[in-house]
Amino acid sequence: MSEETNLTMEALASLCKRRGFIYQTSEPYGGLNGFWDYGPLGCELKRNIREAWWRAMVHRRNDVVGLDSAIIMHPRVWEASGHLEGFTDPMVDCRACRRRFRADQLCEEQGAKLQKVPDGRLRLPEGMKCPSCGSPDLTEPRSFNLMFKTFVGPVEDASAVAYLRPETAQGIFVDFPTIVNTSRVKVPFGIAQIGKAFRNEINPRNFTFRSREFEQMELEYFVRPGTDAQWHEYWVNERIKWYASIGLPEGRLHRYVYAADELAHYASACVDITYEFPFGTQELEGIAARGDYDLRRHQEYSGKSFEYFDAETNERYLPHVIEPSAGVDRIALALLCEAYREEWVPTAGVQGGAIPATPGGTPPTGYEPRIVMRLAPCVAPFKAAVFPLLKNKPPLVERAQRLFEDLRRRWPVFYDEQGAIGRRYRRQDEIGTPFGVTVDFQTLDDDTVTIRDRDTMAQVRVPAAEVAARIEAALGTV
RNA sequence: GCGAGCGUAGCUCAGUGGUAGAGCUCCACCUUGCCAAGGUGGAUGUCGUGGGUUCAAAUCCCAUCGCUCGCUCCA
């Protein structure tokens, strides 16, 4: 990683805290690794992401319904899903020095291979030694589950064990028969869900990118067996389009297509949509063709039928599923990375536009630095800010407040009369507000105001009555 | 999880055993006729936390929590 990108992530984290987007949880207690709080601006950003997704995936489609299932489900769900066995890293402990190591890693280092015994358990080959102290006195490989465990009811015994969901998808699969029976849906159709999920990650890293508590937006789209490939391709394309609509251009997104030997045994295809973060190109969303694996497993483990009766073909079958699964927090982080700019802008009297700042440099004569978040208007926390040009002139203040009250009925809008007008513009630049609407002395004559564009800093004068329509147009169709 | 580095005000940081600081930010008033940092006044830190050494600890030692980087892992 270069020094420059390093600086950028630090600068972004610093701005996120300074302006109230995202910061560590439980700060007075020293923080807690892998958990984050979204402040006043961050929670608006996240709401906007969720709402844009829900509109695109549910409200504007005829073939998808929504769901909000419980975070804690019957523990057998996680046996059926494979999470109880699959979500583990086998570890061995050294009895001599009490250190703990990854079993597969330890074997590989010593030129051996972890052995599997017939009952499915893992065993160390002969002659393995502790990499730390050299003792051969090692425990058998043991699994440490990445699911958070808790107890249901007052008694903390084995029969009361439950887990916080490590993904939202299983709620959809488990509810599949009920939704089919109650919602008049017909294959192909989808069930969408947004919600928190929890994984006890060994190593949270890269700001919020890998967290222990995170939020997913998942669609399970059920299709006729045999149509998997075409629907998979359809959803990959749909999702890329959606990212563009919230301000992540296709140029910075990539598709990582899984090779045959990388796929889970039940999957026929998987494509990750990745984004060029400063710390590397990393996944935002995975789109997998999972066959009928999930429904089949729940049918087996529950003993109930998960089959679908297709009235068109008069067949009974387990639908196959395409799963676009996105992380809200990762999308929020990508949007913040994409939007963040340090610029040098001309001061009064200097011609020309803003130039990108050199990290750590000082602006040339006639320029001064600004930080601007170029968030797409549809995801920006505030859609506009309203200012009286001067706060000590009551008619300006009164008219500005009236305009503010008018606009806030429709969108989150910010009002500010504090300090010089230029400073107020800059404050809004840093939090990504796309428009600054200023009431000045001419407003008192003809009721026009100026609208200042965040990105170009250019101003246009329009009738106050047209401001709402201008904002609406900028929000687009998202 | 391992190794290395780091933790002082909201932010960026100075302060290496002897009375906690600067710049920016923030608040009040003034000023200000469109792009921040003009005036006056003000607020904010038991120096991440807990122990220990010492007459005395932000400073030295131990533990712990957190952050960054590398390895590892993964969504």
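So that the names make sense, note that chain A is the first sequence line, chain B the second, and so on, each numbered from 1.
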Colleague: How about A:Thr450 and A:Val439: do any of their side-chain heavy atoms sit closer than 4.5 Å?
Modeller: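 No, their side chains stay 4.5 Å or more apart.
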
Colleague: Consider only side-chain N and O atoms of A:Tyr38 and A:Asp329, and report whether a donor and an acceptor are under 3.5 Å apart.
Modeller: yes

Colleague: Taking all non-hydrogen atoms of both residues, which atom of A:Ile331 and which atom of A:Ala326 are closest, and how far apart?
Modeller: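 Closest heavy-atom pair between A:Ile331 and A:Ala326: CD1-CB, 4.0 Å.
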
Colleague: Got a sec, which residues hit side-chain hydrogen bond (donor to acceptor under 3.5 Å, both in side chains) with A:Arg461, two or more places apart in sequence or on another chain?
Modeller: A:Asp440, A:Gln442, A:Thr448

Colleague: Counting only Watson-Crick or G-U wobble pairs whose two distances fall under 3.5 Å, which nucleotide matches B:rA22?
Modeller: B:rU12

Colleague: Does B:rG7 have a Watson-Crick or wobble mate here (both distances under 3.5 Å), and if so which one?
Modeller: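 In the structure as shown, B:rG7 has B:rC65 as its Watson-Crick or wobble partner.
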
Colleague: Give a yes or no on whether the backbone of A:Thr456 and the side-chain of A:Asp453 come within a donor-acceptor separation of less than 3.5 Å.
Modeller: yes

Colleague: Check RNA chain B against residues 386-399 of chain A and give the residues with a non-hydrogen atom under 4.0 Å, in numerical order.
Modeller: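 Under 4.0 Å from RNA chain B: A:Leu389, A:Leu390, A:Lys391, A:Asn392.
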
Colleague: Return the value, rounded to whole Å, for the distance between atom CD of A:Gln418 and atom P of B:rC30.
Modeller: 11 Å

Colleague: Reckon A:Lys17 has a side-chain N or O less than 4.0 Å from the OP1 or OP2 of B:rC11?
Modeller: yes

Colleague: On the side chain of A:Arg452, is there an atom forming a donor-acceptor pair with the base of B:rC35 - under 3.5 Å, no angle test?
Modeller: yes

Colleague: More 5' along RNA chain B: A:Ser14 or A:Asn33, using each one's nearest nucleotide?
Modeller: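 With A:Ser14 and A:Asn33 compared, the 5'-side residue is A:Ser14.
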
Colleague: Restricting to nitrogen or oxygen on both sides, can you table the protein-nucleotides 21-25 of chain B pairs closer than 3.5 Å?
Modeller:
from	atom 1	to	atom 2	distance (Å)
B:rU25	OP1	A:Arg423	NH1	3.1
B:rU25	OP1	A:Arg423	NH2	3.3

